[in-house]
Amino acid sequence: HYIKDPLKVKLCKGAKLLIRKIFSKGIPIVIITNQSGISRKILTWEDFFLVNEKIIEQLGKPNPISAIYANSHLSVDRGTNWRKPNPNMIIQASVDLKINLKKSILIGDRLTDLQAGYRAGIKKLIHVMSGHGIKERDEVIKNFNDGFSNDLEIILINNLLEFPFKLLN
């Protein structure tokens, strides 16, 4: 799961369609990503930038991505650490881009993605079974059935083609 070769970049099923539809509505699209492989010396920041350039190229012009926030922390210590499940990257993005988190939607394939979104105040969380999502679905269900607020909406989808587009209205 540490991609460093831009030639191996392949968008998830439905990603381009979803991102283009969101972009067409003028909604900011932000990528929030942990990149511990950089601190582990598996890849470099340059590798990371080249992979992101390839992703953006595959999404087409104009570039639909408003911002990418990344960290290479290994620890999840709270405080100023940006590693998810800490919400700090999401909160910083909301300040920088003037995003209302209560009206935002977070899509992630990891439990830590959803935890970070929840901790940032996002009320609509979507878990997708791509990447890590297959092995983490049961953990997501268990964690979000145990004591989270009633105004939180968790949506489980198999791939991005199943995204509930009614949420964009």
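In this structure, the side chains of S72 and W45 come closer than 4.5 Å at one or more pairs of heavy atoms. The shortest distance between side-chain heavy atoms of R119 and P85 falls below 4.5 Å. Between L167 and I126 the shortest side-chain heavy-atom distance falls below 4.5 Å. Looking at L168 and I105, their side chains come closer than 4.5 Å, going by heavy atoms from C-beta outward. Annotation: side chain of L156 is in contact with side chain of I141 (closest heavy-atom distance under 4.5 Å). In this structure, I68 and F48 have side chains that are in contact, with non-hydrogen atoms separated by less than 4.5 Å. By the 4.5 Å heavy-atom criterion applied to side chains, K84 and Q115 are not counted as neighbours.
Contact detail for G108 and D113: the closest heavy-atom pair is CA-OD2, 3.4 Å. In terms of heavy atoms, S104 sits closest to I122 at O-CG2, 3.4 Å. Annotation for N88 and N81: closest pair ND2-O, 2.6 Å, computed over non-hydrogen atoms. Nearest heavy-atom pair across Y2 and S36 is OH-OG, 3.5 Å. Residue M89 comes nearest to N71 through the heavy atom pair CE-ND2, 3.2 Å, listed as atom of the first residue, atom of the second, then distance. Between N158 and V128, the shortest heavy-atom distance links the atoms O-CG2, 3.9 Å.
Clustering ILVMFWY residues whenever any of their side-chain heavy atoms sit less than 4.5 angstrom apart, transitively, puts I22 in the very cluster that holds I55. Hydrophobic clustering (side-chain heavy atoms under 4.5 Å, transitive across Ile, Leu, Val, Met, Phe, Trp, Tyr) keeps I38 apart from L74. The hydrophobic clustering, which links ILVMFWY residues whose side-chain heavy atoms are closer than 4.5 Å, places I31 and L114 apart. Hydrophobic clustering, with ILVMFWY side chains joined whenever heavy atoms are under 4.5 angstrom apart, groups L111 together with I90. Two different hydrophobic clusters hold F23 and I99 under the rule that ILVMFWY side chains link at heavy-atom gaps under 4.5 Å.
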side-chain contact (heavy atoms from CB on, under 4.5 Å) evaluation trace for Q35 with L43:
CA-CA 9 Å; Q35 292 294 320; L43 67 150; 4.2 Å; yes
Where do V51 and K8 land on the side-chain contact (heavy atoms from CB on, under 4.5 Å) test, with the steps shown first?
CA-CA 9 Å; V51 164; K8 293 185 178 177; over 6 Å; no
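Within a 6.0 Å radius of NZ in K135, more than 12 heavy atoms belonging to other residues, nucleotides or ligands are found.
A donor-acceptor pair is defined here as one N or O able to donate and one able to accept, closer than 3.5 Å; no such pair exists between the side chain of N86 and the backbone of W82. Between the side chain of N34 and the backbone N or O of R83 there is no donor-acceptor pair closer than 3.5 Å. Not a single donor-acceptor pair under 3.5 Å links the side chain of D96 to the backbone N or O of A93.
To the nearest 0.5 Å, the span separating CD1 on I157 from CZ on R137 amounts to 8.0 Å. The distance from the CG atom of L11 to the NZ atom of K16 is 8.0 Å, given to the nearest 0.5 Å. Here the CD1-NZ distance, from I154 to K124, works out to 11.0 Å after rounding to the nearest 0.5 Å. Atom CD of E139 sits about 10.0 Å away from atom NE2 of H127, to the nearest 0.5 Å. Atom NZ of K102 is separated from atom NZ of K123 by 5.0 Å, given to the nearest 0.5 angstrom. Note that CG of L59 and CG of L18 are 10.5 Å apart. Values are rounded to the nearest 0.5 Å.
Side-chain contact of T44 with E46: a donor-acceptor pair under 3.5 Å is absent, judged by distance alone.
For the side-chain contact (heavy atoms from CB on, under 4.5 Å) with F163, the qualifying choice from L17, I107, I155 is I107, the only one to do so.
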